[in-house]
Amino acid sequence: MAEPKENIVMFPFMAQGHIIPFLALALHIEQTKGYTITFVNTPLNIKKLKSSIPPNSSIKLLEVPFNSSDHGLPPNSENTDILPYPLIIRLLHASTSLKPAFKTLIEDIVEEQGGKPPLCIIADIFFGWTATVAKELRVFHAIFSGAGGFGLACYYSVWLSLPHREVDSDEFELQDFKEASRFHVSQLPLSILTADGSDSWSVFQRMNLPAWVDSNGILFNTVEEFDQLGLMYFRKRLGRPAWAIGPVLLSVDNRARAGKQAGISADFLKEWLDAKPVNSVLYVSFGSNNTISTSQMMQLAMALEGSGKNFIWVVRPPIGFDINSEFKAKEWLPEGFEERIKDSGRGLLVHNWAPQVEILSHKSTCAFLSHCGWNSVLEALNKGVPMLGWAMAGEQFFNVKFLEEELGVCVEIVRGKTCEVRHEDMKAKIELVMNETEKGKEMRRKASKVKGMIKNAMRDEDGFKGSSVKELDGFFKAATVMRDGANHDA
Ligand code: UDP
């Protein structure tokens, strides 16, 4: 009888931006290793995930019971996408209550497999407690970071050296990550900027981050060749491996299945882009659910129009309005803007959601004005597209710093959701990146070099294995050695 396949348990935090990279990794492991995957989440997320699993995949979906009302959350709120910002931290705290059910789930798998534990548990950066469960049950455990090495290193380091508000100057350096140059307080996400050690975010992170030492290592959706600073930080700081196995991205078909309905038809978009000259379009989008203020939106519109560049802009109602409500161009954009860009054929406003990878893949796309969430960054780098960075939350500020200072493929255009912006400044930066300036040319050259690094890292053919392929092999080897060793000891 054939040996049953190895089983991997995966458990992302309940947010689309976490579930999607986990799904991409699950499909990648299934395809390249042939292992079976058990994907764990709360009931409503599992229900939604059913339609995201491609028909040829055998990923098994398993629920852990969760009732949001028990945690002071609105009924049926199991995903950050439907929660206002202040409640996200409540969902994070609530997620720690999943520990006993998760432990039972792993014990059940062990029993079902006749005493053989899963090969490993791969869990979210917010689920440090799963490492403690894995240690108790003697199962190999890794944290999977959908964030890049540099960004996560800064995030980790900043959280563990709070409070920052006591720092005398607005600039500071990270004591345990001196390889990163100095930071300015405006580069801190709101949760960290307002943290004083006793607030909910601090309480959560002081419980979560130290638990990472119980893990056997961290898997990063990144590439060793360009993200070594951050990877080395974790190797030294935690004394654990950091495996760079990326970029692992969903295919266009799987993205369509897992994503939202685009606000534009694929045929129309292709026709529009095909009609534009090579390297002439600016793509503007702020990730899956960010939005900017009305005044920032006005200024951005004026900068786009003033630059004279072609552009595609994914628009959503500004801050303070229901993000799912109708977009009112007449109220939120300069008078006559929509008509003018339509008549001139220069700009496309896409409501709420665009097929991002298709846009970034098109030869007419020149640059990406992005909030620099890590998925967007990887998608842009994978196509060699330089960026204009406008970080809004989380480790995005650190990503912009990294892309600008370390890789030279980004120019920061604006910082934060509430800052005042001037259209003249934005226009100048758009021109700097998109025109045939020395800077623009250099950025395109560097972005193309990074694209080459990515291609090489993921190559697995004719006996050649790229760094990311080797790292994933190394990860599973480490898991197998530990599991077999533990069985041997037993
Ligand atoms: N995305 C998309 N169309 C949009 C906006 C976003 O396809 O109009 C996708 C994008 O390609 C990426 C993800 O949503 O895969 C956003 O992830 P990211 O890490 O960049 O940002 P987050 O949404 O987590 O802030």
Side-chain angles (χ1 to χ4, degrees), residues 223 226 247 249 251-253 255-256 262-287 300-315 337 340-350 353-372 375-390 403-404 407-413 426-456 458:
V223 175
F226 66 72
L249 301 167
S251 67
V252 167
D253 283 351
R255 284 174 64 84
I264 190 166
S265 94
D267 289 347
F268 178 77
L269 178 73
K270 185 172 180 311
E271 211 174 287
W272 191 91
L273 279 166
D274 284 350
K276 299 287 178 260
V278 174
N279 263 344
S280 71
V281 177
L282 176 66
Y283 170 54
V284 184
S285 173
F286 304 119
L300 176 55
M302 285 156 74
L304 291 172
E305 199 170 14
S307 72
K309 305 289 177 203
N310 297 318
F311 65 89
I312 298 175
W313 181 7
V314 182
V315 287
F337 176 82
R340 284 196 299 282
I341 59 158
K342 202 169 170 197
D343 293 347
S344 64
R346 274 212 313 103
L348 261 190
L349 295 183
V350 180
W353 195 260
Q356 178 157 308
V357 171
E358 285 88 327
I359 296 172
L360 291 170
S361 310
H362 200 282
K363 61 183 185 328
S364 300
T365 302
C366 173
F368 181 14
L369 198 172
S370 167
H371 72 315
C372 293
N375 294 305
S376 293
V377 168
L378 288 176
E379 288 157 13
L381 294 179
N382 197 29
K383 299 293 172 190
V385 176
M387 281 158 270
L388 285 135
W390 184 342
L403 295 167
E404 185 164 20
L407 298 191
V409 297
C410 178
V411 163
E412 186 176 47
I413 184 164
M426 286 204 271
K427 174 177 167 290
K429 293 205 172 151
I430 291 170
E431 287 168 356
L432 178 71
V433 174
M434 292 184 75
N435 285 353
E436 286 300 299
T437 60
E438 276 313 306
K439 178 73 181 170
K441 283 194 275 190
E442 188 192 68
M443 283 174 75
R444 280 186 280 287
R445 197 173 42 76
K446 288 188 170 165
S448 157
K449 195 170 157 204
V450 173
K451 177 183 169 179
M453 286 178 183
I454 290 180
K455 200 163 168 219
N456 239 3
M458 293 303 277

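Sequential numbering from 1 along the given sequence is applied to the chain's residues. What you see below is based on every heavy atom in this structure, not just the backbone, and it leaves out hydrogens, waters and symmetry mates.
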If every non-hydrogen atom of Ala380 is compared with every non-hydrogen atom of Phe368, which pair is closest and at what distance?
CB-CD2, 3.8 Å
For a quick test of reading the model, state the closest non-hydrogen atom pair linking Ala367 to Met434 and the distance between them.
CB-CG, 4.1 Å
Just so I know, are the side chains of Leu403 and Glu412 near enough to count as touching, which here means a heavy-atom distance under 4.5 Å?
no
Please tell me if the side chains of Pro386 and Val411 come closer than 4.5 Å, counting only heavy atoms from C-beta onward.
no
Look up atom CG in Leu282 and atom CD1 in Ile359, then write down how far apart they are to the nearest 0.5 Å.
11.0 Å
Tell me, do Pro247 and Val223 make a side-chain contact under 4.5 Å, heavy atoms counted?
yes
Just wondering, do Val385 and Tyr283 contact through their side chains at under 4.5 Å, heavy atoms?
no
If we only count heavy atoms from C-beta on, is the Ser376 to Phe286 side-chain gap below 4.5 Å?
no
Lys363 atom NZ, over 12 foreign heavy atoms within 6.0 Å:
yes
Trp272 and Ile264: CA distance, side-chain angles, deciding distance, side-chain contact (heavy atoms from CB on, under 4.5 Å) verdict
CA-CA 11 Å; Trp272 191 91; Ile264 190 166; over 6 Å; no
Between the side chain of Ser285 and the main-chain N/O of Val314, is any donor-acceptor distance below 3.5 Å?
no
When rounded to the nearest 0.5 angstrom, what distance separates CG in Leu349 from CG in Leu304?
9.0 Å
From CG (Leu369) to CD1 (Ile413), nearest 0.5 Å:
4.5 Å
Residue set satisfying side-chain hydrogen bond (donor to acceptor under 3.5 Å, both in side chains) with Ser280, at least two apart, ordered chain then number -> Asn310
Compare every heavy atom of Ser364 with every heavy atom of Leu273, then report the nearest pair and how far apart it is.
O-OG, 2.8 Å
Going from CG on Leu360 to CD1 on Ile312, what distance comes out if it is rounded to the nearest 0.5 angstrom?
9.5 Å
Contacts of Lys276 that satisfy side-chain hydrogen bond (donor to acceptor under 3.5 Å, both in side chains) - sequence neighbours left out
none
Side chains of Val357 and Leu249: closer than 4.5 Å at any heavy-atom pair?
no
Residues that Asp267 engages under salt bridge (Lys or Arg N to Asp or Glu O under 4.0 Å), provided they are two or more places apart
none
Can you measure from CG (Leu388) to SG (Cys410) and round to the nearest 0.5 angstrom?
6.5 Å
Closest approach of Val350 and Ala354, non-hydrogen atoms and distance?
CG1-CB, 3.9 Å
Spacing of Glu305 atom CD and Lys427 atom NZ [to the nearest 0.5 Å]
12.0 Å
If I compare all heavy atoms of Trp390 with all of Leu300, which pair ends up nearest, and what's the gap?
CZ3-CD2, 4.3 Å
Can you list the steps and then say if Glu379 with Lys383 is a salt bridge (Lys or Arg N to Asp or Glu O under 4.0 Å)?
CA-CA 7 Å; Glu379 288 157 13; Lys383 299 293 172 190; over 6 Å; no
Less than 4.5 Å apart, side chain to side chain, heavy atoms only: is that true for Leu348 and Leu269?
yes
I'd like to check the ring pair (Phe, Tyr, Trp, His ring centres under 6.0 Å) partners of Phe311; sequence neighbours left out, ordered by chain and number.
none
My understanding is that only residues two or more places apart in sequence, or in another chain, count here; which of them pass side-chain hydrogen bond (donor to acceptor under 3.5 Å, both in side chains) with Glu404?
none
Side chains of Gln356 and Arg255: closer than 4.5 Å at any heavy-atom pair?
yes
List, one per line, each side-chain donor-acceptor pair under 3.5 Å for residues 441-456, sequence neighbours excluded.
from   : atom 1 : to     : atom 2 : distance (Å)
Arg444 : NH1    : Val433 : O      : 2.8
Arg444 : NH2    : Asn435 : O      : 3.0
Arg444 : NH2    : Glu436 : OE2    : 3.2

Sub-3.5 Å donor-acceptor pair from the side chain of Thr437 to the main-chain atoms of Leu432, do we have one?
yes
